[in-house]
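Below is one structure; the comments refer to it alone.
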Amino acid sequence: MDCNNKIQVKEEMGVILEVKNLTKKFGGLTAVNDFSFEIKRGDFIGLIGPNGAGKTTVFNLISGFEKPSSGSIRFDGTNITGLRPFKIVNKGIARTFQLVRSFKFLSLLDNVSVSCQSRRGKEASKGVGIDAYASSILAAVGLVDKARIPPVVLPHGDLRKLQIGKALGTNPELLLLDEPFSGLSHEEQQNLTELILRLHEDGLTIFMTGHVLRELMNLVPRVIAMHQGKFIMDGTPQEVANNKIVLEAYLGKGSEEFA
Ligand SMILES: Nc1ncnc2c1ncn2[C@@H]1O[C@H](COP(=O)(O)OP(=O)(O)OP(=O)(O)O)[C@@H](O)[C@H]1O
Ligand SMILES: [Mg+2]
């Protein structure tokens, strides 16, 4: 089978993201080491690993914030390896950041409107206009009542929702959420969980990181585990939680991350 035929078969299988032998070196440190996996359209997948495992670097490589040392990334049948972030957004991948980032002094509506100015955002808002489209996104993430206020006054749970709203403004097909639960209270986590589940039910493919497996356990049907930049396994949360290498990786770092 030639290369084009193989790609064709993968697309028919519904593979939306194909990561092959991805490696990222920072000087002498290999943060991501020969890492390969696939995500199918409509998947809802967690990426777990203890602190420093390489999760954020994987997201940075997929979203173009870092360039790989070697390896390839294909999205929706197109090679996106090493493309700049705005080009990757235009292909249909959006992400949130582990540390929340917003335009502090713009209103929530304007924060979301900025990402609606992306090519896909503009296409999606055709007919209704950017403001109405941004407003519908704020409604979807539960922040429409706060559309006119700036993010500086928001509690952390709302800031996390705003990050998701800003990502949705680019009308993505694949959403990467980097540690979305980080710093949230139990109630805020529950609230955000409902939102993420709803987005997935509405058809988004979601790939999210977490270093506390418990947070992802009841949420995602499939988990990819990594440690020291390397792929460990891919399976149900239960299978991953029972894997000896995963257990050792976590217990070595302190079992409270795992519990
Ligand atoms: N820009 C960089 N320059 C040098 N080293 C880096 C850089 N970014 C990440 N690293 C290193 O790469 C390794 C993987 O980091 P990364 O942030 O991807 O891990 P992580 O799994 O997201 O961790 P956490 O759970 O703490 O978010 C770490 O050793 C980190 O210090
Ligand atoms: Mg990280």
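Just follow the structure's listing: the first ligand is 1, and inside any ligand the first atom is 1. One is the number of the first residue; the rest follow in order along the sequence.
Note on the Mg ion (ligand 2): protein N/O/S atoms under 2.8 Å are T56 OG1, Q98 OE1.
Against a heavy-atom cut-off of under 4.0 Å, T56 is close to the following atoms of ligand 1: 17 (O), 18 (O), 20 (P), 22 (O), 27 (O).
Only the side chain of Q98 comes within 4.0 Å of ligand 1, judged by heavy-atom distances. Counting heavy atoms under 4.0 Å from ligand 1, residue V58 does not touch it at all.
Closest heavy-atom approach to atom 2 (C) of ligand 1 among the candidates F65, F59, F26: F26. Here atom 26 (O) of ligand 1 lies nearest to N51 when heavy atoms of T57, L47, N51 are compared. Among A53, G27, A31, the residue whose heavy atom lies closest to atom 12 (O) of ligand 1 is A31.
Between R198 and E194 there is no salt bridge, since no side-chain nitrogen of the basic residue lies less than 4.0 Å from a carboxylate oxygen of the acidic one. D43 and R222 are joined by a salt bridge, as a carboxylate oxygen and a charged side-chain nitrogen come within less than 4.0 angstrom of each other. D158 and K146 are joined by a salt bridge, as a carboxylate oxygen and a charged side-chain nitrogen come within less than 4.0 angstrom of each other.
Stacking of R101 on the aromatic ring of F97 is recorded, both the 6.0 Å distance cut-off and the 45° axial limit being met. Geometrically, R95 engages F65 in a cation-pi contact, judged by NZ or CZ lying under 6.0 Å from the ring centre and within 45° of the ring axis.
Put simply, CD on E173 and CG on L204 are 9.0 Å apart, with the number rounded to the nearest 0.5 Å.
Side chain of K55 to main chain of P50: a donor-acceptor pair is present (N/O by atom type, distance under 3.5 Å, no hydrogens or angles).
Under a 4.0 Å heavy-atom criterion, K24 is not in contact with ligand 1. Ligand 1 is never approached by G49 to a heavy-atom distance shorter than 4.0 Å.
Residues S102 and N111 bring no donor and acceptor atom of their side chains to less than 3.5 Å of each other.
Residue V114 is not grouped with residue L175 when hydrophobic side chains (ILVMFWY) are merged at heavy-atom distances under 4.5 angstrom, including chains of intermediate members. Both L197 and L168 belong to a single network of hydrophobic side chains, linked directly or stepwise wherever heavy atoms of I, L, V, M, F, W or Y lie under 4.5 Å apart.
Considering both main-chain and side-chain atoms, L29 never comes within under 3.5 Å of ligand 1 through any nitrogen or oxygen pair.
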